[in-house]
Amino acid sequence: MSEDRYPSNQIESYWRQQWDKDNAFRVDLDDDEGEHKYVLVMFSYPSAAKLHIGHWWNYGPIDTHARYLRMKGYKVFEPMGFDSFGLPAENFAIKVGTHPRTVTEESISYIREQLKQIGAMYDWNWEVVTSHPNYYKWTQWLFQQLFKHGIAVQKDGLVNWSPTLQTVLANEQIINGMDERTGNPVIQKKMTQWYFRITEYAEKLLGGLKEIDWPESTIKRQENWIGRSEGASIEFKVKGDEETKVEVFTTRPDTLFGVSYLTLAPENELLERLTSIRQGPEVREYCERAMRISEVDRSSTTREKTGVFTGSYAINPVNDEVIPIWVSDYVLASYGTGAVMAVPAHDQRDYEFALKFKLPIKLVIRPIDQLIDVEDMTEAFTEPGIMRESGDFSGIMSEAGKKAVTDRLESLNAGKHTVTYRLRDWSVSRQRYWGCPIPMIHCEKCGVVPVPEDQLPVELPHEIKDFRPKGTSPLGALEDWVNTVCPNCGGPAKRDTDTMDTFVCSSFYHLRYLAADRDDVPFDMERMKRWLPISLYVGGPEHGTGHLIYIRFITRFLHEIGWSPVAEPVTRLVHQGIITKDGMRMSKSKGNVVNPDAFIERYGSDVFRMYMMFTGDYRMGGDWSDEGITGIDRFVNRVWRLVLRFTGKAAPNSDLNAKDYPEIIFRTLNNTVKAVGEDLDNLSFNTAISRMMELVNELYKWLGDDGDAGVDHEVIRALLGVLIRTMAPFAPHFCEEAWERLGGKPYVFKQEWPSYDETALVANTITLVVQVNGKLRDRIEAPADTSREDLEKMALASKRVQGYMEGKTLRKVVVVPGKLVNIVVS
RNA sequence: GCGCGAGUGGUGGAACUGGUAGACACGCAGGUCUUAGGAACCUGUGCCGUAAGGUGUGGGGGUUCGAAUCCCCCCUCGCGCACCA
């Protein structure tokens, strides 16, 4: 190994110590001067594992962006913290038989050290840890604010219950009926739970999407997730039971004359009342079976329709037709009213059901340009068309019919225009130990009462024998803790024993960072005004319908109650891509996890970090390969040897004079500064690095491996100073050392980002491309300011071109000044 | 099924509003220096062809003087949603 190799280990740990010692990354949040940028990467989830490639990919490049902004003169806030409550930590704790708090504290201090290795500018003074009482005090405060404003409510309802995890899960935590962590089935269970009424915000959350610069795919996902549908709710009277009405929701009121039956979800509460004595046993048996079928089977689109007649009939409000009421599990209890009007001719699901149970199919919409017959149909006709056999609505367009029919229903007092959302209320109770306790007290006399604010936080009891899940919250076993007095009447009362979904903790951390030093208030309005909204937020696309909806919802809520200056927390969102190994996602089970440590040991953190950035487009991700890192290692060492060769005392940030350099060097240098800056604005790290490589290649061509081309070293130092400042955001440790050796004063990241000289960017000669019929035939060196006419003359004069024109007729010449000439012949 | 995203050398990947396809790297080949080199430096490297030349961005068609880029059809892969009435 060569002696002049960049000694990454000593140098990198030395500079980290210096930064630490000087508190170099300290950010003053109260500083009003200048323009502020809040650069935020989703905080990490400390499970037992250490930092993997994904973390480096996530954090390193964004720190490069933040450092660049800082050098550009912005005030940059780049905090870091830990989302430390929740299942991964708890499950790991159970596995190793250690208390979750111990496990969590250990991994936090370990991961914090590893994060420092990345060399990011995190100011740890603003760190938040969601499992610390001084943080979750405010999680509880938030819960109570939501409660006071009627957004946090207790409801009886069907919840997603995971038998494996022994807890309730939110819809977002379920994938195809399986829980996302273990892949085991989730069942529906009736429980009393706390919900946040996010559905109240559906319209506002939808509207807010128009104001933000987010990836289009994520906006679409959120729109779909919220799932706004316009339609009508319609009441059907039940025949022979004046008291009872069945309410349905439909987006197609125009098909109301085609209804051949109603269908209720098995969970619908009207069912008991509607079931005839004769049909009783069959209906009950059907419902019990439906409840037992797992969600994944039940929602399978390929499954054959099933159902049972209830024995009751309903009356169609527009034509008094009597239609049977059925029960079927293809109707979802949790959407709309849990009941639908079935129009087999115009809804595929109803069509299949009607065919199977031989129910009538009535065609009430026909295509505009043709006549169709029910007999000839093989599937439902779901397009818009012309209404038929619909009383006095017959003949009008179905789109207009929607409103017309609903208006009629309103006048009959049997229905109204309604908007329904796919979005469900957010269930937040979890029957687990390792979470934020719900700060509520249940009193027999007074009902649900919040723990008085001055008694927050309700601390999560540490002394617990058994924190394993067992279907009810482990906290329920702690009688001393559970039994308390009602703050209202002073009588005996019990604490809520559930803990909160961890998405609650992460829904306001971006605001809490800005007040991490304050225990007296949840947030600091002055600072929030200065720093919000987040100018860049970075995290995985998988959070599109979970965290990224919750953080918008909670920020909006806080905005409405005066605790946030902005309604939308994040103006610009970027998703980092995924780093794969051999085209596959890295995972322990596949055994293809790449461990960064060996690479960092061998090449250093800067080389590793740069290699990650060089791998591919940040938003795209890429495939990890062990080999390519040598390219970056060579590059860094090439720069290192230049620095060693021109080490000196003069400050390397003096002005550059074009006359001291060959033109090509001066031009490349300025081009590099410009291009790297633009690439960093766009997060195009890979091309930025290749630009710097081009510059270094050019320098080697000029200076050779050990010469100085007879140029004053002080001049070359100034030139290298530009390179080092440009490179500093990418390789922070390396560039501190290089900067100092070139005679600069620490720290390089506190220097100004180099400016470039516009006049240096244009070359005085160009390579003119000459095409014949669009094919490249010659290249000619020409002065950059050659006129169109002269370019055309030069092109036509080319011997090679003439060879291709022989015996052909000149049709046209296209000239693109400064670039090419295309000669069209035939 | 619906909605996104992607498909470019042996490999990772470049290419701005249509204008030299393959920047920059890895790998490979040759050379220089060396006792030696898995170091460093230089040169070459899409494919076919000795060459002239031809050909080339998943496939097919189109628009254009000119298409990786724009339009239409199709194929493959990845992600998301999926009985939401």
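Quick note on labels: first sequence line is chain A, next is B, and so on, each numbered from 1. Nothing here was measured: the structure is a model prediction, and the numbers come from that model.
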Nearest to side-chain heavy atoms of [X], which nucleotide of [options]:
{"X": "A/Val816", "options": "B/rC24, B/rC26, B/rG19", "value": "B/rG19"}
{"X": "A/Trp225", "options": "B/rC42, B/rC81, B/rG27", "value": "B/rC81"}
{"X": "A/Arg422", "options": "B/rC16, B/rA82, B/rG3", "value": "B/rA82"}
{"X": "A/Asn822", "options": "B/rG3, B/rG66, B/rC24", "value": "B/rG66"}
{"X": "A/Thr250", "options": "B/rA85, B/rA23, B/rC65", "value": "B/rA85"}
{"X": "A/Arg349", "options": "B/rC26, B/rC83, B/rA25", "value": "B/rC83"}
{"X": "A/Gln771", "options": "B/rG19, B/rA85, B/rA25", "value": "B/rG19"}
{"X": "A/Thr251", "options": "B/rA85, B/rC65, B/rA23", "value": "B/rA85"}
{"X": "A/Tyr335", "options": "B/rC81, B/rC41, B/rA85", "value": "B/rA85"}
{"X": "A/Glu694", "options": "B/rG27, B/rA23, B/rA85", "value": "B/rA23"}

Can you find a side chain N or O atom of A/Asn686 that sits less than 4.0 Å from OP1 or OP2 on B/rA14? yes
Measuring to OP1 and OP2 of B/rG27, would you say a side-chain N or O of A/Arg634 lies under 4.0 angstrom away?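 For A/Arg634, the contact criterion (side-chain N or O under 4.0 Å from OP1 or OP2 of B/rG27) is met.
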Under 3.5 Å on both distances, the Watson-Crick or G-U partner of [N]:
{"N": "B/rC47", "value": "B/rG54"}
{"N": "B/rG5", "value": "B/rC77"}
{"N": "B/rC16", "value": "none"}
{"N": "B/rA25", "value": "B/rU11"}
{"N": "B/rU32", "value": "B/rA40"}

Taking for each residue the nucleotide of RNA chain B with the nearest heavy atom, is it A/Asn697 or A/Tyr804 whose nucleotide lies nearer the 5' end? A/Asn697
Hey, which sits more toward the 5' end of RNA chain B by its nearest nucleotide, A/Ile689 or A/Met620? A/Met620
Lys/Arg-Asp/Glu bridge criterion (N-O < 4.0 Å) met for [X], [Y]:
{"X": "A/Lys356", "Y": "A/Glu352", "result": "no"}
{"X": "A/Glu758", "Y": "A/Lys674", "result": "no"}
{"X": "A/Arg788", "Y": "A/Glu792", "result": "no"}

Determine the interplanar angle of the A/His346 and A/Phe381 rings, folded into 0 to 90°, and report it as parallel if under 30°, tilted if 30 to 60°, perpendicular if over 60°.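 Answer is perpendicular, since the angle exceeds 60°.
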Euclidean distance, atom [atom1] of residue [X] to atom [atom2] of [N] [Å, nearest integer]:
{"X": "A/Arg221", "N": "B/rG5", "atom1": "CZ", "atom2": "P", "result": "14 Å"}
{"X": "A/Met613", "N": "B/rC24", "atom1": "CE", "atom2": "C1'", "result": "15 Å"}
{"X": "A/Asp347", "N": "B/rA82", "atom1": "CG", "atom2": "C1'", "result": "15 Å"}
{"X": "A/Asp623", "N": "B/rG78", "atom1": "CG", "atom2": "P", "result": "14 Å"}
{"X": "A/Asn671", "N": "B/rA15", "atom1": "CG", "atom2": "C1'", "result": "16 Å"}
{"X": "A/Lys819", "N": "B/rA15", "atom1": "NZ", "atom2": "P", "result": "15 Å"}
{"X": "A/Arg641", "N": "B/rA39", "atom1": "CZ", "atom2": "C1'", "result": "9 Å"}

Between [M] and [N] - [atom1] atom distance, rounded Å:
{"N": "B/rG27", "M": "B/rU34", "atom1": "C1'", "value": "24 Å"}
{"N": "B/rU43", "M": "B/rA25", "atom1": "P", "value": "12 Å"}
{"N": "B/rC24", "M": "B/rU17", "atom1": "C1'", "value": "24 Å"}
{"N": "B/rG3", "M": "B/rU55", "atom1": "P", "value": "38 Å"}
{"N": "B/rA21", "M": "B/rA68", "atom1": "C1'", "value": "8 Å"}
{"N": "B/rA15", "M": "B/rG22", "atom1": "C1'", "value": "9 Å"}
{"N": "B/rG7", "M": "B/rG12", "atom1": "P", "value": "12 Å"}
{"N": "B/rC84", "M": "B/rC77", "atom1": "P", "value": "27 Å"}

Between A/Tyr261 and A/Phe353, is the gap from one ring center to the other below 6.0 Å? yes
Is the centre of the A/Phe599 ring less than 6.0 Å from the centre of the A/Trp56 ring? no
Is A/Arg228 side chain donor-acceptor paired with the B/rC84 base, going by distance under 3.5 Å alone?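 Looking at the base of B/rC84, it does not pair with any donor or acceptor on the side chain of A/Arg228 (distance under 3.5 Å).
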Output for pair (A/Leu699 CG, A/Lys701 NZ), nearest 0.5 Å, gives 11.0 Å
